[in-house]
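What follows is one structure encoded as structure tokens, with my remarks underneath.
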Amino acid sequence: MSAASAQHGTPILSTRHLIGVAGLSVAEITALLDLAEEYVEVSRQRRKLELLKGRTQINLFFEPSTRTQSSFELAGKRLGADVLNMSVGTSSVAKGETLLDTAQTLNAMNPDLLVVRHQHSGAAELLAQKVSCAVINAGDGWHEHPTQALLDALTIRRHKGRFEHVVIAICGDIRHSRVARSNILLLARMGAQVRIIAPSTLLPPNAARLGVEVFTSMEEGLPGADVVMMLRLQKERMDGAFIPSEREYYRFWGLNEQRLALAKEDAIVMHPGPMNRGVEIDSVVADGPRSVIREQVEMGVAVRMAVIDALARNLTREAAA
Ligand code: NCD
């Protein structure tokens with residue numbers, strides 16, 4: 001299917017909103033990744049489409065963001081939507097307005113899509129119940145970050161060609177990470193073999209029930225890995241001392257060249273960003289030949305175009321019904 005034929009696109013998602021990957025089927029994930037693959041080409045050719053002409057997308061970010069917010073903005077614009085970035089710091093939120101009041105205000109402007117990032121798990125779901133537009137979760141607390149997992153999956157598929165039997169080691173602060181959670185759900189559903197590697201203090205309490213292999217040492221968990229996915233220490237979500245010090249953490253958990261050498265020879269290195277160099281990853285590895293971290297950012301725009309397009313198709317169908 002070409003991007004032009006996507007204009008008459010068939011439905012991709014069965015849901016009105018994208019709150020998490022938890023509810024996505026293998027067929028939905030595959031269709032989103034296939035569509036995103038087309039949008040990689042559209043983006044590389046610097047083409048602008050008119051698929052979303054007349055539609056309004058509002059980005060509502062209650063937490064800081066560089067790549068997620070800007071890629072949602074670019075994605076909407078490349079599809080032809082009008083995109084509005086609500087800067088929470090300078091809006092009524094700074095004056096104490098509640099999430100729901102803000103949502104109702106925005107809803108009155110009749111947007112088609114609301115992209116929301118919020119520090120509380122469940123915030124996107126709550127909003128989705130209160131507004132009449134489609135909601136995309138751009139990260140809610142420790143809960144989910146579905147578009148990050150989709151862009152990671154696209155990056156992995158481009159390098160490994162498949163998910164079945166691909167060994168993916170997710171390393172670091174799993175406990176506080178919505179990226180880890182969404183990735184575990186999505187990659188396991190697609191048939192990958194997921195491992196999590198973390199100090200026991202940074203493992204999620206339900207680690208044994210996640211359907212992943214759990215390791216508490218990089219030396220034990222990295223051998224045989226096709227993909228090494230590093231995570232940032234989510235210090236803003238830590239309410240106590242989870243690690244002795246950043247120096248100690250780097251010594252035992254940081255990804256350096258020696259540790260990377262334990263993984264498969266053609267293993268790729270991923271990181272959702274923002275990176276803390278010298279804490280979870282060495283610069284030599286982050287900028288090295290096996291790093292696909294910049295490619296992840298590129299895939300982020302394409303995946304978000306696919307998600308926005310898929311949800312807009314549902315809106316169009318709904319209006320026609
Ligand atoms: C992640 C997030 O916000 O959850 N960043 C991102 O979206 N690229 C990961 C992080 O903040 O560490």
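Just so it is clear, the values below take in all heavy atoms, side chains as well, and ignore hydrogens, waters and symmetry mates. Each ligand, and each atom within it, is numbered from 1 in the order the structure gives.
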Between Asn59 and Glu73, do the side chains contain a donor N or O and an acceptor N or O under 3.5 Å apart?
no

Quick one: which ligand 1 atoms are inside 4.0 Å of a heavy atom on Gln148?
6 (C), 7 (O), 8 (N)

Lys235 vs His176, test: side chain to side chain contact (heavy atoms under 4.5 Å, CB included). Steps then yes/no.
CA-CA 9 Å; Lys235 280 181 278 186; His176 302 102; over 6 Å; no

Which heavy atom of Leu203 sits nearest to which heavy atom of Arg175, and what is that distance?
O-NH1, 3.5 Å

Arg232 N/O to ligand 1 N/O under 3.5 Å
yes

Exam field: side chain Glu280 to backbone Asn276, donor-acceptor pair closer than 3.5 Å:
yes

Suppose we measure from atom 7 (O) of ligand 1 to each protein heavy atom; which comes out shortest, and what is that distance?
His145 NE2, 2.7 Å

Out of Ala180, Pro272, Gly273, Ser65, who is nearest to atom 5 (N) of ligand 1 when you count heavy atoms only?
Gly273

If the test is side-chain contact (heavy atoms from CB on, under 4.5 Å), which one of Met229, Lys160, Gln296 qualifies with Thr155?
Gln296

Salt-bridge present (Arg277, Asp287; N to O < 4.0 Å):
yes

Pull out every atom of ligand 1 sitting under 4.0 Å from any heavy atom of Pro274, numbered as shown with elements.
10 (C), 11 (O)

Numbering as shown, the atoms of ligand 1 that approach Thr68 to under 4.0 Å (heavy-atom distance)
6 (C), 7 (O), 8 (N)

Under 4.0 Å, heavy-atom basis, I'd like to know which part of Gln234 is in contact with ligand 1: side chain, backbone, both or neither.
side chain

Can an N or O of Arg117 be found at a distance shorter than 3.5 Å from an N or O of ligand 1?
yes

Which atoms of ligand 1 are found less than 4.0 Å from any heavy atom of Val179?
1 (C), 4 (O), 9 (C)

Close side-chain approach of Arg189 and Leu186, heavy atoms under 4.5 Å
no

Return the closest protein heavy atom for atom 4 (O) of ligand 1 as residue, atom name and distance.
Arg178 NE, 2.8 Å

Does any donor atom in the side chain of Arg117 or His145 lie under 3.5 Å from an acceptor atom in the other side chain?
yes

For ligand 1, which atoms sit closer than 4.0 Å to a heavy atom of Arg67?
8 (N)

